[in-house]
> 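First the structure, then my questions, so here it is.
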Amino acid sequence: MSVVRIADVLANKVAVGSKVSVQGWVRTRRDSKAGLSFVHVSDGSCFNPLQIVAPNTLENYATDVMRLSTGASVSVTGTLVASQGKGQSVELHADAVTVLGFVDDPEKYPLQPKEHTLEFLREVAHLRPRSNTFGAVSRVRHCLAQAVHRYFHERGFFWVNTPIITASDCEGAGQMFRVSTLDQMNLPRTPEGKIDYSQDFFGKEAYLTVSGQLAVEAYCLALSKVYTFGPTFRAENSNTARHLAEFWMIEPEIAFAALKDDADLAEDFLKYVLSAALSERRDDLEFFASRNKTVPVLERVQQCIEKPFQRVDYTDAVKILQGTKKKFEFKVEWGMDLQTEHERFLTEQHFGAPVIVMNYPEKIKSFYMRLNDDEKTVAAMDILAPGIGEIVGGSQREERLDLLDKRMAEFELDPRPYEWYRDLRRFGTVPHAGFGLGFERLVVYVCGLDNIRDAIPYPRTPGSAAF
RNA sequence: UCCGACUUAGCUCAGUCGGUAGAGCAGGCGGCUGUUAACCGCCGGGUCGCUGGUUCAAGUCCAGCAGUCGGAGCCA
């Protein structure tokens, strides 16, 4: 007797007539006076459940089968047959239904065979993977993660695990979470009265990483093509549908490359992983498409794969924004950062497609971005996607030591903690570039979700670290 | 963090002009049926987010707090 995945059964990989077992959780039960019960069982391996037909001749029919409610766990052995009913091609005629775990109090089980709000499901994050939506999100998320690794591996990139704890506060991208083992009730002090971090675990201040980029650049300048894919932390008090305090970020870095190569890579990469989701998780994406009234989920992904991304210089984007009749809350001037309303106009209304905005003013971008020949802009690029805004941010890195020093001075950065980073320009520097992609934002885009908190199993946001 | 909205049964919601609460679903029981989030009948189920105030009387009006959601800022 072999235990089979429901995904394999429904994909007709298991021959009709064979005797098999399935294991999973009850979605619904319907009883027929014809002397049998229909039990829909899901094992999470695919979107659809398998219909179990349990005849009342089973010795535990009255005691167990009739007690089954949504959420109960079962192991069912039987014969796979062509379905007599409509709605499914095959079903499992049970010889034995073993209940592994009843739902103690069915009235208290939060998940009902009906639509729940996503807000409610967030409150039951430990049970929501059993819902249609979060089962689907989980499978799509996995599919995308696998596609990320596959894409890079097949193209000769090496996965580099940059540290999660960083003792340098020079990553420069926003508020960081402090990592400390000091007794918070009895902090050691320096003679000046400041907290004495020399007595802390690492002998200095330490934080959770906000980006692996600087660290992975060193590996890029040795292995040529590398990427990071791991947890990233931002302590910003931002309460939006697009931000998490803990999220996963993908950061490829390529040597002997310029900004155009970076943009080409980002576009090709996005199209690859979107294609993977479309072909491997069609069932889940069709579910998202069917329940989403405002976004044509499948068409959006399809178009993103098929159509070339629009590319526009920042300077031209500003001209487009200035030339439109649409009134913006923030006035558009060269030199300012694009506001959400501007990004949305460009990607959703003007281009109606993902757009790569390139060559931003140097003053509004990070110190490590490469200064262009005009000396006013840097070789940066953001990819804006309809519905979510910035999904990728990248740049060619400043590989010339004198210019890097100049920009660090402009940003008033202490060069001492960056000596190792400056070394990379001192010892065999090469042009290189890379980008960062927020993994959850990708999941949001593919699934057509509204809130990034539904794209990760246990979301961490300001004031919330439940489960 | 700022602006706005919301918070009523396990879930989704209604509740008019201030007079101490209803529906659907879920649950229990019964009926019916190769059923499809089945259907029909009956039953149980409430500290109306919390604290205070106004009032003879507050789910309803006012204030504070909390939580959630939407938008903004910051960003991936």
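The structure displayed is predicted, hence computed values, not measured ones.
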> Does a salt bridge link A:Glu267 with A:Arg311, judged by any charged N lying under 4.0 Å from a carboxylate O?
yes

> Side chain of A:Ser83, heavy atoms from C-beta onward: which of B:G73, B:U35, B:C69 has the nearest atom to it?
B:U35

> Scan A:Gln88 against the nucleic acid and name what it touches under 4.0 Å (heavy atoms): base, sugar-phosphate only, or nothing.
base

> Quick one: which of B:A38, B:G34, B:C74 gets closest to the side chain of A:Thr28?
B:A38

> Could you tell me whether the side chain of A:Val444 reaches within less than 4.5 Å of the side chain of A:Phe439, counting heavy atoms only?
no

> May I have the distance from A:Asn239 (atom CG) to B:C69 (atom P), rounded to whole angstrom?
8 Å

> Could you tell me if A:Glu59 and A:Tyr61 have a donor-acceptor pair between their side chains, going purely by distance under 3.5 Å?
no

> What is the nucleic acid contact for A:Arg453, judged by heavy atoms within less than 4.0 Å: base, sugar-phosphate only, or nothing?
sugar-phosphate

> If we call it a pair only when both distances are under 3.5 Å in a Watson-Crick or G-U wobble match, what pairs with B:C11?
B:G24

> With both distances under 3.5 Å as the test, what is the Watson-Crick or G-U wobble partner of B:G44?
none

> If I take atom CZ in residue A:Arg27 and atom C1' in nucleotide B:U36, what distance separates them, rounded to the nearest angstrom?
14 Å

> Start at the 5' end of RNA chain B and walk down; is the nucleotide closest to A:Arg122 or to A:Tyr109 reached first?
A:Tyr109

> Expressed as a whole number of angstroms, how long is the span from A:Leu118:CG to B:U68:C1'?
13 Å

> Between A:Thr70 and A:Arg344, just flag the one whose closest nucleotide in RNA chain B comes earlier from the 5' side.
A:Thr70

> Does the B:C11 base have a donor-acceptor partner in the side chain of A:His116 within less than 3.5 Å?
no

> Pairing check on B:U16: which nucleotide meets the Watson-Crick or G-U wobble criteria with it, both distances under 3.5 Å?
none

> Measure the spacing between CG of A:Leu338 and CG of A:Asp382 and express it to the nearest 0.5 Å.
8.0 Å

> Looking at B:U12, B:G27, B:A72, which one has an atom nearest to any side-chain atom of A:Thr240?
B:A72

> Below 3.5 Å, does any donor atom in the side chain of A:His93 face an acceptor in the base of B:G34, or the other way round?
yes

> So which nucleotide from B:U12, B:C32, B:U1 ends up closest to the side chain of A:Lys33?
B:C32

> Quick check for you: to the nearest 0.5 Å, what is the distance between A:Arg407 atom CZ and A:Met369 atom CE?
8.0 Å

> Quick check for you: among B:A26, B:G34, B:C74, whose closest atom lies nearest to any side-chain atom of A:Gln112?
B:A26

> Hydrogens and angles aside, do A:Tyr458 and A:Arg122 bring a side-chain donor and acceptor to less than 3.5 Å of each other?
no

> Whole angstroms only, please: what is the CD-C1' distance between A:Gln84 and B:U33?
14 Å

> Heavy atoms only, 4.0 Å cut-off, all strands: where does A:Ser37 land among base, sugar-phosphate and nothing?
nothing

> Parallel, tilted or perpendicular for A:Phe152 and A:Phe269, by the 30°/60° rule?
parallel

> For a quick check under 3.5 Å, do A:His40 and A:Arg29 share a side-chain donor-acceptor pair by atom type?
no

> What contact category does A:Glu91 fall into here, base, sugar-phosphate, or nothing, at under 4.0 angstrom with non-hydrogen atoms?
base

> Nearest to the A:Leu36 side chain among B:G73, B:G34, B:C11, which nucleotide is it?
B:G34

> If you check every side-chain atom of A:Asn451, which of B:G70, B:C11, B:C74 has the closest atom?
B:G70

> A:Phe120 has an atom CZ; how far is it from atom C1' of B:C69, in whole Å?
16 Å

> For RNA chain B, which residues in residues 39-61 of chain A have a heavy atom at a distance below 4.0 Å?
A:His40, A:Gln51, A:Val53

> Is A:Gly436 touching bases, backbone alone, or none of the nucleic acid, heavy atoms closer than 4.0 Å?
sugar-phosphate

> Nearest to the side chain of A:Ser32 - B:U33, B:U12, B:G28?
B:U33

> Rounded to whole Å, how long is the line connecting atom CE of A:Met66 with atom P of B:G27?
12 Å

> For B:C65, which nucleotide in any strand shown is its Watson-Crick or wobble partner with both distances under 3.5 Å?
B:G49

> Can A:Asp8 and A:Arg5 be counted as an ion pair, charged N to O under 4.0 angstrom?
yes

> Let me know the distance between CZ of A:Arg67 and P of B:G28, rounded to the nearest Å.
10 Å

> The side chain of A:Ser238 is closest to which nucleotide in this list: B:A38, B:G73, B:U68?
B:G73

> Looking at CD of A:Gln88 and CZ of A:Phe38, how far apart are the two atoms once the value is rounded to the nearest 0.5 Å?
8.5 Å

> In the structure shown, which nucleotide is the Watson-Crick or G-U wobble counterpart of B:U36, with both distances under 3.5 Å?
none

> As a test of reading the structure: which of B:G71, B:U68, B:G34 is closest to the side chain of A:Phe38, going by heavy atoms?
B:G34

> Just how far, in rounded Å, is C1' of B:G49 from CD of A:Glu119?
17 Å

> Can you say whether a donor on the side chain of A:Gln339 sits under 3.5 Å from an acceptor on the base of B:G73, or the other way round?
no

> Classify the nucleic acid contact of A:Ile250 as base, sugar-phosphate or nothing, counting any heavy atom under 4.0 Å across all strands shown.
nothing

> When all nucleic acid strands are considered with a 4.0 Å heavy-atom cut-off, which category describes A:Glu390: base, sugar-phosphate, or nothing?
sugar-phosphate

